[in-house]
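Taking it in order: structure first as structure tokens, then the write-up.
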2 protein chains.
Amino acid sequence: MSKKALTREAILQQAVRSASQIGISRLTIGSLAGQSGLSKSGLFAHFGSKEALQLAVVQAAQAQFVEEVVKPAFTQPRGMPRLRALFHAWVMRLYGGSMPGGCPLLAAAYEFDDQPGAIRDALVAGQRWQRETLQRLLQDAQDAGELPAGSDVPLLAFMLFGLIQSAHHDHQLLDNHHSAQLALQGFEQLCGTAQAPAIPTTPAT
Amino acid sequence: MSKKALTREAILQQAVRSASQIGISRLTIGSLAGQSGLSKSGLFAHFGSKEALQLAVVQAAQAQFVEEVVKPAFTQPRGMPRLRALFHAWVMRLYGGSMPGGCPLLAAAYEFDDQPGAIRDALVAGQRWQRETLQRLLQDAQDAGELPAGSDVPLLAFMLFGLIQSAHHDHQLLDNHHSAQLALQGFEQLCGTAQAPAIPTTPAT
DNA sequence: CTCAAAAAAGAACGATCGTGCTATTTTGCA
DNA sequence: TGCAAAATAGCACGATCGTTCTTTTTTGAG
């Protein structure tokens, strides 16, 4: 890889970490240059504008999501194993050290939902692809007869994504250490073996 | 009410609308002054600092949530009617014209989750209170035997809040016009009359 | 109506940011 | 090793923002 590409990768890796903490729209070229050991104009030359830099950060974060969540899931057998692997990796990514300030893509969805432009377009495309991937794995599980009878796949994908967001919210804002467990419990209630809705874990009186 | 308080209320009402679109951290005193028909320094004198202004915006948005969502629900009978009224108003608020850019409190949760200070503290307190309110209404419904047997109230509150966030995300970013319907469907599946998990709406083959 | 107090306006400051231009250093091939 | 090209640094400009200080306008009680 050329020197330029290597430097660009290093910049973006640091930028994604910073975006996780302060948000993509609050990235500044100056502080990013300092963290990367470059001068302002040296870093600027890699992207040409701040918006291009922000767009590159979005794409880098999306690529990282695919590497850390989607690809590992596809090493599992089709059906519930693959679906469960995707959901587990998706939830657990919120607790690893790689994103100290939370998922920059979820945050960016709130930052840019009212700001038309290339960044919003990239976010929309990425979120649509995420949802379609989730629905595809759900459909595979349903075709294999591994989901509760009569499950509504789009609704289920909608609810599972809600669990992700709730886990993120409770972890990042409320410091709730049980949020991952709640999300995984919710997944099992919606998709798992508990066909009947929530059998009490303690014997009835 | 004194002139000062009246002007302050008008400023905050406009500020909440702006925060809905651009976020609380991107509010600027200058543009807010223009929208309120005041000068920069005239507006500034009402708050004393930008952080105090942002804190006042958070409190105004929280008060608005109580007025529009919580209080109307408490006019309904305890149990499922009250719970359903709360959830419906909560979802539908995302689609009314009062918050053109989405819920500023949900967005603020992402903006300030890594920024310690009075604003984050106020957001945390407000979200904890929201969750406790939701859990209290769920508990009432469970005590009345109106929830599916063995329902886990904290988990249910966690999942219902996820439905709110998913609806917000799909509406604001993906322009999904069915997102409210999905959230309400999800509510009925989790809390509603469908005790068995999702009876198919179309007759089985 | 008067006039002191409250409210708002106006102007200016230092700081920060994105960006453009030029000089300097570093790279990698001949 | 020499040298053109690529990569980076240095510097400055204009714009924007929060904040302070002073002046002007507006309010409302006596």
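Note: hydrogens, waters and symmetry copies are ignored here, and every other heavy atom, side chains too, is used. This structure is a prediction, so every number in the text was calculated from the model and none was measured.
For A/Ser98, the side chain to side chain contact (heavy atoms under 4.5 Å, CB included) partners are A/Gln64, A/Glu68, not counting sequence neighbours. Taking the side chain to side chain contact (heavy atoms under 4.5 Å, CB included) definition, one finds that A/Ala180 meets it with A/Val91, A/Met92, A/Tyr95, sequence neighbours left out. In this view, A/Gln142 and A/Gln139 satisfy the side chain to side chain donor-acceptor pair (under 3.5 Å) rule, not counting sequence neighbours. Residues forming a side chain to side chain contact (heavy atoms under 4.5 Å, CB included) with B/Phe44 (at least two apart in sequence, or on another chain): B/Ile29.
Taking atom CG on B/Leu27 and atom P on D/dT16, their separation rounds to 18 Å, with Å as the unit. Between the CD1 atom of B/Ile29 and the C1' atom of C/dG10 there is a distance of 16 Å, rounded to whole Å. In this entry the distance linking CG of B/Leu32 with C1' of D/dT16 reads 16 Å, nearest Å. Protein atom CZ of A/Phe44 is 12 Å distant from nucleotide atom C1' of C/dC21, rounded to whole Å.
When all heavy atoms of B/Val16 and B/Pro104 are compared, the pair lying nearest together is CG1-CG, 4.2 Å.
Listed nucleotides: D/dT19, D/dC17, C/dG18. Nearest to the side chain of B/Thr28: D/dC17.
At least one side-chain heavy atom of B/Leu55 sits under 4.5 Å from a side-chain heavy atom of B/Gln59.
The pair A/Asp175-B/Arg120 counts as a salt bridge, with a side-chain nitrogen and a carboxylate oxygen less than 4.0 angstrom apart.
Contact check of residues 47-59 of chain A against DNA chain D (heavy atom, cut-off under 4.0 Å) returns no residues at all.
By the 6.0 Å contact criterion, CD on A/Gln115 is enclosed, its count of non-hydrogen atoms from other residues, nucleotides or ligands being greater than 12.
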Using a cut-off of under 3.5 Å, enumerate the N/O to N/O pairs linking the protein to nucleotides 6-10 of chain D.
residue, atom, partner, partner atom, Å
D/dT8, OP1, A/Thr7, OG1, 3.2
D/dT8, OP2, A/His46, NE2, 2.5
D/dA9, OP2, A/Ser39, N, 2.5
D/dA9, OP2, A/Ser39, OG, 2.9
D/dA9, N7, A/Ser41, OG, 3.0
D/dG10, N7, A/Ser41, OG, 3.1
D/dG10, O6, A/Ser41, OG, 2.9

